[in-house]
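Remarks on the structure that follows.
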Amino acid sequence: MSDIKEVLITEEEIQNKVKELGEKITEDYRDKDLFLLGILKGAVPFMADIMRKIDLDLEYDFMDVSSYQGTRSMGEVRILKDISTSIVGKDILIVEDIIDTGITLSYLTKVLKSRGANSIEIVTMLSKPSRRKIDLPVKYNGYEIEDYFVIGYGMDYDEKYRALPYIGILDESVYSK
């Protein structure tokens, strides 16, 4: 695909990382009431893959939470779709595709704590520490990356490229027009 500058993480590398994270989560949550909370839309492929690698009985739901407009985080967080069940006493594991500024997840963590969650942790496929505006503890991190505009494996530009099985760097000419 000519819009892809470079494949950053291959499909095989992603699947190996998901397996590794799933095993670690299984071990850590063996005696807990695990509730996976996927963040729409980007985390859908990661959520589907990781829940199959966690060898535990678990519940899950999705939220749509946004602080983005185009390619930039705007800082104002909005809940576009909320969860449909109580999380009181549950051990929440937020499943995210990528952590950029940390603003959205910091806000979401506060909201979930106020709703009575027993514990809240985060698993992300990608993290961009150089972009962090809020220090955010991430218990399970797939890969730390530089400040690239990445697409694939759920991540998009203008709703395109989400279905790519790998994570690629989008060519600047696509979004600098």
Side-chain angles (χ1 to χ4, degrees), residues 11 14-15 17-69 73-128 132 134-143 150-165 167:
E11 182 176 8
I14 290 169
Q15 293 311 314
K17 184 59 73 174
V18 169
K19 182 177 184 287
E20 174 189 314
L21 290 168
E23 289 169 355
K24 194 169 178 68
I25 292 165
T26 298
E27 186 179 306
D28 292 352
Y29 284 85
R30 184 141 331 266
D31 299 316
K32 297 187 178 184
D33 191 8
L34 180 57
F35 186 99
L36 296 182
L37 179 58
I39 307 303
L40 295 172
K41 297 179 188 173
V44 169
F46 183 34
M47 178 87 154
D49 287 346
I50 200 146
M51 71 176 22
R52 291 189 301 254
K53 298 297 182 195
I54 298 172
D55 188 20
L56 299 171
D57 191 23
L58 56 84
E59 290 179 73
Y60 70 91
D61 202 345
F62 293 92
M63 286 183 86
D64 192 354
V65 185
S66 180
S67 67
Y68 274 80
Q69 200 167 40
S73 177
M74 305 310 289
E76 180 188 334
V77 180
R78 297 175 314 156
I79 296 176
L80 306 174
K81 181 218 174 287
D82 210 338
I83 54 177
S84 55
T85 185
S86 171
I87 58 168
V88 173
K90 297 193 185 299
D91 296 292
I92 309 297
L93 182 58
I94 300 171
V95 181
E96 183 65 288
D97 55 349
I98 186 167
I99 300 174
D100 193 11
T101 63
I103 292 170
T104 302
L105 285 181
S106 174
Y107 172 83
L108 185 56
T109 300
K110 289 176 189 151
V111 168
L112 296 172
K113 280 181 185 167
S114 75
R115 293 181 183 181
N118 183 51
S119 67
I120 302 166
E121 298 291 349
I122 298 167
V123 58
T124 187
M125 179 52 67
L126 300 178
S127 178
K128 290 185 185 178
R132 204 75 82 243
I134 295 177
D135 190 30
L136 190 68
V138 179
K139 187 162 186 178
Y140 309 99
N141 187 24
Y143 297 95
V150 291
I151 42 87
Y153 198 61
M155 292 164 272
D156 75 306
Y157 172 69
D158 200 20
E159 294 299 323
K160 296 179 181 115
Y161 313 104
R162 287 190 194 276
L164 294 173
I167 296 169

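Predicted model only: the values in this text are computed from it and were never measured.
Taking the side chain as every heavy atom from C-beta outward, Val123 and Lys139 never approach each other to under 4.5 Å. No side-chain heavy atom of Glu121 sits less than 4.5 Å from a side-chain heavy atom of Ile94. Under the 4.5 Å side-chain criterion, counting only non-hydrogen atoms from C-beta, Phe35 is in contact with Thr85. Looking at Ile79 and Met63, their side chains come closer than 4.5 Å, going by heavy atoms from C-beta outward. In this structure the side chain of Leu105 never reaches within 4.5 angstrom of the side chain of Val138, judged on heavy atoms. Looking at Val77 and Val65, their side chains come closer than 4.5 Å, going by heavy atoms from C-beta outward. Ile167 places none of its side-chain heavy atoms less than 4.5 Å from the side chain of Tyr143. Residues Asn118 and Lys32 fail the side-chain proximity criterion, which asks for heavy atoms closer than 4.5 Å.
Taking each heavy atom of Ser127 and Asn141 in turn, the nearest pair found is CB-OD1, 3.5 Å. Looking at every heavy atom in both residues, Asp100 comes nearest to Arg132 through O-NH1, 2.6 Å.
Partners of Asp28 by side-chain hydrogen bond (donor to acceptor under 3.5 Å, both in side chains), not counting sequence neighbours, listed by chain and number: Tyr140. Taking Lys160 as the reference, Asp158 meet the side-chain contact (heavy atoms from CB on, under 4.5 Å) condition, with sequence neighbours excluded. Lys19 meets the side-chain hydrogen bond (donor to acceptor under 3.5 Å, both in side chains) test with Glu23; sequence neighbours excluded. The side-chain hydrogen bond (donor to acceptor under 3.5 Å, both in side chains) check on Ser114 picks up nothing, with sequence neighbours excluded. Applying the side-chain hydrogen bond (donor to acceptor under 3.5 Å, both in side chains) rule to Thr109 yields no partners; only residues at least two apart in sequence or on another chain are considered.
Asp156 places no side-chain N or O within donor-acceptor distance of the main-chain N or O of Tyr161, the cut-off being under 3.5 Å. Within the 3.5 Å criterion, the main-chain N or O of Val88 finds no donor-acceptor partner in the side chain of Arg115.
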Next item on the list: Please step through side chain to side chain contact (heavy atoms under 4.5 Å, CB included) for the pair Val18 and Phe46, ending with a clear verdict.
Entry: CA-CA 8 Å; Val18 169; Phe46 183 34; 3.9 Å; yes
Check: Does the side chain to side chain contact (heavy atoms under 4.5 Å, CB included) test come out yes or no for Met155 and Leu126, once each step is laid out?
Finding: CA-CA 10 Å; Met155 292 164 272; Leu126 300 178; 3.6 Å; yes
Check: Between Glu27 and Lys24, is a salt bridge (charged side-chain N to carboxylate O under 4.0 Å, His left out) present by the stated rule, with each step listed?
Finding: CA-CA 5 Å; Glu27 186 179 306; Lys24 194 169 178 68; over 6 Å; no
Next item on the list: Evaluate the side chain to side chain contact (heavy atoms under 4.5 Å, CB included) criterion for residues Tyr157 and Ile151: first the C-alpha distance (whole Å), next the side-chain angles of each, then the deciding distance (0.1 Å), finally the verdict.
Entry: CA-CA 7 Å; Tyr157 172 69; Ile151 42 87; 4.2 Å; yes
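Taking NZ of Lys53 as the start and CD of Gln15 as the end, the distance is 7.0 Å to the nearest 0.5 Å. For the atom pair Ile99 CD1 and Ile122 CD1, the distance stands at 5.0 Å (nearest 0.5 Å). Residue Ile54 holds its CD1 atom at 11.5 Å from CZ of Arg30, rounded to the nearest 0.5 Å. In this structure, CG on Asp49 lies 11.0 Å from CG on Leu21, to the nearest 0.5 angstrom. Within the model, atoms CG of Leu58 and CG of Asp91 stand 12.0 Å from one another, a figure rounded to the nearest 0.5 Å. One finds the CG atom of Leu56 at 6.5 Å from the CG atom of Leu34 (value rounded to the nearest 0.5 Å).
Among Ile87, Leu112, Leu93, the one residue that satisfies the side-chain contact (heavy atoms from CB on, under 4.5 Å) test with Leu37 is Leu112.
Using a 4.0 Å cut-off between charged nitrogen and carboxylate oxygen, Arg162 and Glu159 count as a salt-bridge pair.
Counting non-hydrogen atoms of other residues, nucleotides and ligands closer than 6.0 Å to NZ of Lys41 gives a total of 12 or fewer.
Listed by first then second residue, pairs satisfying salt bridge (charged side-chain N to carboxylate O under 4.0 Å, His left out) with a partner in residues 55-67 read Glu59-Lys90, Asp61-Lys81, not counting sequence neighbours.
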